[in-house]
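What follows is a short report on a single structure.
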Amino acid sequence: MKASSANGWTRVIVEKPFGRDSESSAELTRCLKKYLTEDQIFRIDHYLGKELVENLSVLRFSNLIFEPLWSRTYIRNVQFIFSEDFGTEGRGGYFDNYGIIRDIMQNHLLQILALFAMETPVSLDAEDIRNEKVKVLRSMKPLELEDVIIGQYKGHNKGGRAYPGYTDDSTVPKNSITPTFAAAALFINNARWDGVPFLMKAGKALHRKRAEIRVQFRHVPGNLYKRNFGTDLDKATNELVLRVQPDEAIYLKINNKVPGLGMRLDRSDLNLLYRARYPTEIPDAYERLLLDAIAGERRLFIRSDELDAAWSLFTPLLKELEAKKIAPELYPYGSRGPVGAHYLAAKYNVRWGDLGGEDD
């Protein structure tokens, strides 16, 4: 049996999920490679086609102000936040077999983390970029159960309206302990990122829809103005936010004097809001990726060794969660998620950046 065209080129796009764990992923790869070569296989992850994710490398590698700051010396923590303001709504049959960690974290968020943390590639060639991403994934500290929080949304009445819980979905088993929310602290054991917590958070039926990367910088040593901030020094922290969706934007939180007599400081945004700066329509992520596949551009597609490294990180954790039948912490539909996520962040002296209220 042949899968390749006798003339011209052959490219096969494979949509996630790429298996459920290391073993099923390896089997899927083995089956594909019986008929196709690696450069004919395009594993698509639509998050890598998002405008702000594409811009991540441009922001870092072509701006002198950011490149020197991109390390443990100046960065205190990095957060990857994905939240949806709706539940499974009839898709529970598919979702219950996978859960939020497989659905969002192991692919979308981990891919963005690898792009964010990689060393400068030799060139913009697809293989050079993917080589650096694989190095990040292979440098990651194994995920420990105590560094992960899982949750599941429950029914909730709000404003006179009843919102159903996850197990109220007719396509979901009543006793399901599949997580619809997860938060994790990850670490990269290399010279650039040693000791910096990379926090991920993903969930359904939360208070708002958003996907963003938040980079929180260290406090200014011996800050002359710390009295002007009161006791909450976290309010004096510079933060770079890349909002992937909705309302694509890049903004930097800086400290600024409020005009007037006396010395009162305020945290202000230097804001690049895409719809204001670029009124043209932003192409859909799938449009970009499908055009790339037609052109044979592999930069934003996932190589098999990259996939292996990603599954190697998450498979032991997923097996442990399932073997121990760990019950998720329940959180109300439309809330900010389980309380455990705050304790996880606090354990590493981090505050989730999306809970301040000022960005809502």
Side-chain angles (χ1 to χ4, degrees), residues 1-6 8-50 53 94-118 121 125-143 178 182 184 186 188 200 202 285-286 288-323:
M1 180 181 167
K2 289 183 84 69
S4 296
S5 165
W9 46 259
T10 299
R11 292 174 195 140
V12 175
I13 294 174
V14 184
E15 173 69 283
K16 80 161 185 78
F18 313 117
R20 289 188 84 252
D21 51 26
S22 291
E23 293 78 16
S24 53
S25 171
E27 177 63 11
L28 178 62
T29 297
R30 191 187 65 76
C31 292
L32 286 168
K33 286 192 175 176
K34 267 171 46 180
Y35 307 107
L36 299 160
T37 59
E38 177 62 42
D39 63 2
Q40 292 174 322
I41 303 166
F42 286 69
R43 296 172 191 82
I44 195 167
D45 182 337
H46 72 277
Y47 254 73
L48 294 184
K50 298 270 187 196
V53 176
Y94 156 77
F95 186 85
D96 200 66
N97 193 32
Y98 283 90
I100 198 78
I101 296 175
R102 288 184 178 92
D103 197 41
I104 303 295
M105 275 191 173
Q106 182 273 339
N107 38 69
H108 298 335
L109 298 189
L110 192 60
Q111 284 292 320
I112 297 172
L113 184 153
L115 267 177
F116 178 95
M118 70 183 185
D125 180 70
E127 296 316 301
D128 289 334
I129 289 173
R130 298 197 294 187
N131 287 345
E132 294 304 335
K133 285 170 70 189
V134 171
K135 281 186 203 168
V136 171
L137 297 176
R138 290 180 60 196
S139 303
M140 295 193 76
K141 181 182 157 212
L143 253 175
T178 298
L186 300 100
I188 302 169
M200 281 183 186
Y286 276 110
R288 181 195 309 276
L289 291 170
L290 292 173
L291 283 169
D292 276 358
I294 291 165
E297 169 56 75
R298 293 179 192 82
R299 200 165 39 93
L300 298 174
F301 294 88
I302 300 156
R303 208 166 61 188
S304 60
D305 57 342
E306 221 179 315
L307 187 58
D308 292 345
W311 274 122
S312 297
L313 182 65
F314 276 97
T315 296
L317 169 80
L318 288 162
K319 288 195 167 166
E320 195 176 353
L321 283 169
E322 283 159 17

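Taking both residues in full, the closest heavy atoms of Asp103 and Tyr94 are given as OD1-OH, 3.1 Å, listed atom of the first, atom of the second, then distance. Here the closest non-hydrogen pair linking Gly49 and Leu300 is CA-CD1, 4.5 Å. For the residue pair Leu28 and Gly19, the shortest heavy atom distance occurs at CD2-N, 4.1 Å. Of all heavy-atom pairs between Leu307 and Ile302, the closest is N-CG2, 4.0 Å. Nearest approach of Phe95 to Ile100, heavy atoms of both residues: CZ-N, 3.4 Å. Of all heavy-atom pairs spanning Leu143 and Leu313, the tightest one is CB-O, 4.0 Å.
With sequence neighbours left out, the salt bridge (charged side-chain N to carboxylate O under 4.0 Å, His left out) criterion links Asp125 to no other residue. Judged as a side chain to side chain contact (heavy atoms under 4.5 Å, CB included), and not counting sequence neighbours, the contacts of Ser312 are Ser22. By the salt bridge (charged side-chain N to carboxylate O under 4.0 Å, His left out) test, Arg299 pairs with Glu54, Glu297, sequence neighbours left out.
The salt bridge (charged side-chain N to carboxylate O under 4.0 Å, His left out) with Glu38 is formed by just one residue from the set Arg11, Arg130, Arg43; it is Arg43. Test Leu109, Ile104, Ile112 against Met200 for side chain to side chain contact (heavy atoms under 4.5 Å, CB included) and you get one pass: Leu109.
Rounding to the nearest 0.5 Å places NZ of Lys135 at 13.5 Å from CD1 of Ile188. The distance from the OG1 atom of Thr10 to the OH atom of Tyr35 is 15.0 Å, given to the nearest 0.5 Å.
Heavy atoms of other residues, nucleotides or ligands lying less than 6.0 angstrom from CZ of Arg20 number more than 12.
For the residue pair Gln106/Tyr98, the side-chain donor-acceptor check at 3.5 Å is not satisfied. Under 3.5 Å, the side chains of Tyr47 and Asn107 contain no donor-acceptor pair of N or O atoms. Between the side chains of Arg303 and Asn131, at least one donor-acceptor pair of N or O atoms lies under 3.5 Å.
At least one donor-acceptor pair under 3.5 Å links the side chain of Arg298 to the backbone N or O of Asp39. A donor-acceptor pair is defined here as one N or O able to donate and one able to accept, closer than 3.5 Å; such a pair exists between the side chain of Trp311 and the backbone of Phe18.
Using a 4.5 Å cut-off on side-chain heavy atoms (C-beta onward), Leu48 and Leu115 make contact.
Aromatic ring pairs are classed by plane angle as parallel below 30°, tilted from 30° to 60° and perpendicular above 60°; the pair Tyr286 and His46 is parallel.
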